[in-house]
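Working notes, beginning with the structure itself.
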Amino acid sequence: MYTRLKRVLFGEPLPTHQEHHERLNIPLALAVFASDALSSTAYATEEILIALAASAYIAQANFLSLPVAAAIAILMAIVVISYRQVIRAYPQSGGAYIVSKENLGKMPCLIAGSALLLDYILTVSVSTSAGVAAIVSTGWVPVSGRVPLALFFILFITLLNLRGVRESGKVIAVPVYAFIGTMLTLIAVGLWRAFSGLPPVETTAGMTPVPTETAMDIVINLSLILVLLKAFSHGCAALTGIEAISIGVKAFKEPTAVNANRTMVIMACLLGSIFLGLTYLAFAFQIHPMHNETVISQIARAVFGSSPLYFAVQIFTTIFLVLAANTAFSGFPRLATILASDGFLPRQLMNLGDRLVFSNGIIVLGLASGSLIWLYHADTHSLIPLYAVGVFLSFTLAQTGMVVYHKRHPGESSTLGMLINGAGAFTTGSVTLLLAFEKFFEGAWIILVAIPTLVIIFLKIYHHYQSVGRQLALPPTGGHCPVPIEHTVLVLVSSLNRGTIPALEYASTISNRVEAVHVELNAAATENLRKQWADWGCGVPLVVLQSPYRSITEPLIDYIDQVESRYEHDIVTIIVPEFVTKKFWHNILHNQTAILIKTLLRFRRGKVVTSVRYYLEE
């Protein structure tokens with residue numbers, strides 16, 4: 001039943017040799033890897049306006065958002081150009097982690113890896129929460145339904161990604177391009193209305209008339225600079241997801257690096273156009289953030305009114321925001337696999353599933369992001385402060401590593417590359433410090449604590465694998481031929497039945513020292529066992545252990561230790577007879593004593609535990 005259900009949900013397994021067929025062309029790759037970055041346009045402008053509206057310059061918030069958005073667009077261009085250098089230098093995937101590992105050392109690469117993993121978890125949580133917020137803005141879903149709906153969306157996108165990279169890419173491609181089309185249409189029509197001097201089609205409580213005091217009357221002072229920096233730090237959420245393409249280069253069709261860089265340029269152009277366009281429309285129509293309606297919803301009302309085009313914007317935005325989490329589901333498992341191959345994460349994360357995806361990483365990401373949704377009540381504005389610090393930290397490490405790379409590989413383009421990446425490192429490093437300062441008490445301290453905690457976990461896992469490798473390694477010279485080992489066999493007997501006889505027969509074939517051991521809990525049952533033993537005991541002596549406190553495990557463990565002390569160079573084999581029920585739910589109707597005994601003996605040296613199973617029919 002499990003196998004049939006798995007096939008229905010995830011499809012038939014794919015052979016390994018088809019892995020290259022699962023690689024993505026540019027249109028599909030744009031949908032898979034750029035959806036995270038593009039989705040940030042749905043809330044980046046709103047985050048800028050929220051920061052400005054909370055200041056003394058609330059009347060000029062819309063005007064001040066324009067220079068902030070322009071500064072973010074310039075930073076976006078610097079980061080994109082820098083990451084194109086990363087893709088050219090490291091086409092084997094890995095992004096900031098690989099660059100830091102190769103050029104800066106172990107600790108910087110672990111910091112980059114932990115920052116990126118946290119970023120991917122937050123990507124899913126923020127994107128899903130923003131999608132739910134778009135639905136709530138329409139009034140179709142009450143605010144109280146945000147968390148269950150967000151968790152449902154995460155479950156859906158998790159199952160979708162478990163079906164395979166191409167499968168998920170085909171599913172999300174339509175809503176991704178529908179979102180891009182509706183946003184560009186919204187911006188084009190909105191700009192036409194704004195430049196034509198036409199009033200908003202429909203106003204909401206979030207729209208206010210242009211203030212009589214013009215923005216040009218603002219005096220540049222220290223308080224204004226601090227407000228602009230705060231708004232800038234909030235708006236930097238627009239840059240999240242840019243690094244995903246550099247981590248997933250191997251997922252592209254050949255030539256991988258060329259296709260990845262082309263996708264990066266297309267993504268940057270779309271991202272900058274939509275972000276700047278929406279920010280200008282918010283200024284043109286004097287839109288301010290509201291508690292129960294998103295800024296995009298207000299812009300769409302101003303441009304389209306309550307027409308079908310408004311609802312198309314909301315529907316495609318919602319679907320896109322939910323499916324934008326697909327970028328994280330593509331990047332997180334790949335990065336986790338690279339970390340696991342280096343020994344910093346459990347090796348199970350390296351396993352390819354039936355559908356040629358890293359299933360364990362996908363499941364871990366789904367559980368982690370769902371936990372954040374539950375903890376933060378699917379509130380986008382509560383999650384955003386946790387979001388950008390780790391992103392810009394990884395940006396900075398990647399660009400710093402590339403500066404070192406260009407020094408080690410001098411050539412015709414090394415000087416220009418060094419300047420580009422040096423400017424990128426300085427800029428993103430400055431923004432990282434700004435974000436850490438501005439958002440520290442809003443929740444960024446959690447990330448600043450989580451990153452070193454993850455690094456410690458990575459190192460603990462690494463040291464464990466190193467220790468295991470040293471202990472299991474064969475000596476460099478000489479050999480060892482196995483010799484027969486004497487051992488005593490104990491067959492655990494609770495009662496005499498059809499499942500006991502095969503265990504006794506098996507024990508007699510592997511050793512001449514065999515004993516049956518019974519722990520007495522009921523005197524009448526023990527006496528009945530003694531009477532039957534003469535006929536059915538297969539000549540094996542029966543040892544009855546007394547248990548005045550009605551415990552099975554304590555007298556049994558004590559007796560096993562006694563048997564072990566009788567002989568030198570001896571191994572004690574414990575045979576546990578078990579019957580296997582036809583249906584899995586039948587197990588709850590029986591005592592699981594065998595499981596308890598095997599668990600206890602697992603951690604005791606010199607013991608071999610063997611199960612001899614008897615299969616029951618219906």
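No experiment lies behind these values; they were computed from the predicted model shown.
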Next item on the list: Scan residues 102-117 for pairs that pass side-chain hydrogen bond (donor to acceptor under 3.5 Å, both in side chains), counting only residues two or more places apart or in two chains.
Entry: Tyr90-Asn103

Notebook entry, point to check: Which atom pair, heavy atoms only, marks the closest approach of Leu349 to Thr337?
Noted result: O-OG1, 3.1 Å

Next item on the list: Give a yes or no on this: more than 12 heavy atoms of other residues, nucleotides or ligands lie within 6.0 Å of atom OH of Tyr559.
Entry: yes

Note to self: Tell me if a side-chain donor or acceptor on Ser125 pairs with a main-chain N or O of Ile121 at a distance below 3.5 Å.
What the structure shows: yes

Margin query: Suppose the criterion is salt bridge (charged side-chain N to carboxylate O under 4.0 Å, His left out): which pairs have a residue in residues 515-525, not counting sequence neighbours?
Written below: Glu515-Arg566

Notebook entry, point to check: Can you name the ring-ring contact (aromatic ring centres under 6.0 Å, His included) partners of Tyr465, sequence neighbours left out?
Noted result: none

Margin query: Suppose we screen for side-chain hydrogen bond (donor to acceptor under 3.5 Å, both in side chains). Which residues come up paired with Thr526, at least two apart in sequence or across chains?
Written below: His518

Check: Within the side chain of Thr453, is there an N or O that forms a donor-acceptor pair under 3.5 Å with the backbone of Val449?
Finding: yes

Margin query: Using a 3.5 Å distance criterion without hydrogens, assess whether the side chain of Ser511 forms a donor-acceptor pair with backbone atoms of His487.
Written below: yes

Item checked: CE-CG distance between Met350 and Leu339, expressed to the nearest 0.5 angstrom -> 11.5 Å

Check: Which residues pass the ring-ring contact (aromatic ring centres under 6.0 Å, His included) test with Phe395, sequence neighbours left out?
Finding: Tyr83, Phe392

Check: When rounded to the nearest 0.5 angstrom, what is the spacing between CG in Leu492 and NZ in Lys598?
Finding: 11.0 Å

Check: Between the main-chain N or O of Glu564 and the side-chain N or O of Thr488, is there a donor-acceptor pair closer than 3.5 Å?
Finding: no

Note to self: Can you tell me how far apart CG (Leu104) and CE (Met107) are? Round to the nearest 0.5 Å.
What the structure shows: 12.5 Å

Check: Where the side chain of Asn161 meets the backbone of Ile157, is there a donor-acceptor pair that is under 3.5 Å apart?
Finding: yes

Check: Which heavy atom of Phe320 sits nearest a heavy atom of Ser35, and at what distance?
Finding: CZ-O, 3.4 Å

Item checked: Nearest atoms (heavy-atom pairs only) where Ile451 meets Ala115 -> CD1-CB, 4.0 Å

Notebook entry, point to check: side-chain contact (heavy atoms from CB on, under 4.5 Å) with Val124: which residues, sequence neighbours excluded?
Noted result: Thr128, Ile154, Ala325, Ala328, Phe329, Leu365, Ser369

Check: Taking all non-hydrogen atoms of both residues, which atom of Pro502 and which atom of Arg498 are closest, and how far apart?
Finding: CD-O, 3.0 Å

Note to self: Quick test of your reading: applying salt bridge (charged side-chain N to carboxylate O under 4.0 Å, His left out), list the pairs with at least one residue in residues 335-348, sequence neighbours left out, ordered by first then second residue.
What the structure shows: Lys101-Asp342

Note to self: Please report whether the ring centroid of Tyr462 lies less than 6.0 Å from that of Phe344.
What the structure shows: yes

Margin query: Run Ile245 and Phe252 through side-chain contact (heavy atoms from CB on, under 4.5 Å) and show every step you take.
Written below: CA-CA 9 Å; Ile245 293 176; Phe252 286 79; 4.0 Å; yes

Note to self: For the backbone of Lys253 and the side chain of Asn259, can you confirm whether one donor and one acceptor N or O come within less than 3.5 Å of each other?
What the structure shows: yes

Notebook entry, point to check: Which heavy atom of Gly105 sits nearest a heavy atom of Pro108, and at what distance?
Noted result: O-CD, 3.5 Å

Notebook entry, point to check: Which one of Leu116, Val99, Ile111 satisfies the side chain to side chain contact (heavy atoms under 4.5 Å, CB included) criterion with Ser394?
Noted result: Leu116

Check: Rounded to the nearest 0.5 Å, how far does OG1 of Thr263 lie from CG of Leu28?
Finding: 10.5 Å

Notebook entry, point to check: What distance separates Leu117 CG from Leu345 CG, expressed to the nearest 0.5 Å?
Noted result: 6.5 Å

Item checked: Set of side-chain hydrogen bond (donor to acceptor under 3.5 Å, both in side chains) partners for Arg146, sequence neighbours left out -> none

Margin query: Does any part of the side chain of Asn351, heavy atoms only, come nearer than 4.5 Å to the side chain of Ser359, both counted from C-beta?
Written below: no

Check: Tell me, do Ser246 and Ile87 make a side-chain contact under 4.5 Å, heavy atoms counted?
Finding: yes

Item checked: Results of ring-ring contact (aromatic ring centres under 6.0 Å, His included) for Phe458 - residues two or more places apart only -> none

Check: Tell me, which pairs form a salt bridge (charged side-chain N to carboxylate O under 4.0 Å, His left out) where one or both residues lie in residues 449-466, sequence neighbours left out?
Finding: none

Item checked: Atom CG of Asn512 with >12 non-hydrogen neighbours under 6.0 angstrom -> no

Checklist line | Backbone N/O of His463 and side chain of Ser467: donor-acceptor pair under 3.5 Å | finding: no

Margin query: Name the residue from Val514, Leu556, Ile560 that meets the side chain to side chain contact (heavy atoms under 4.5 Å, CB included) definition with Leu490.
Written below: Ile560

Notebook entry, point to check: Closest heavy-atom contact between Ile362 and Pro333?
Noted result: CG1-CG, 3.6 Å

Note to self: For the CG atom of Leu448 and the CH2 atom of Trp445, what is their distance to the nearest 0.5 Å?
What the structure shows: 10.0 Å

Checklist line | Gln562: side-chain hydrogen bond (donor to acceptor under 3.5 Å, both in side chains) partners, not counting sequence neighbours | finding: none

Under 3.5 Å, which donor-acceptor pairs link side chains of residues 527-540 to any protein atom two or more places apart or in another chain?
from, atom 1, to, atom 2, distance (Å)
Trp533, NE1, Val540, O, 2.6

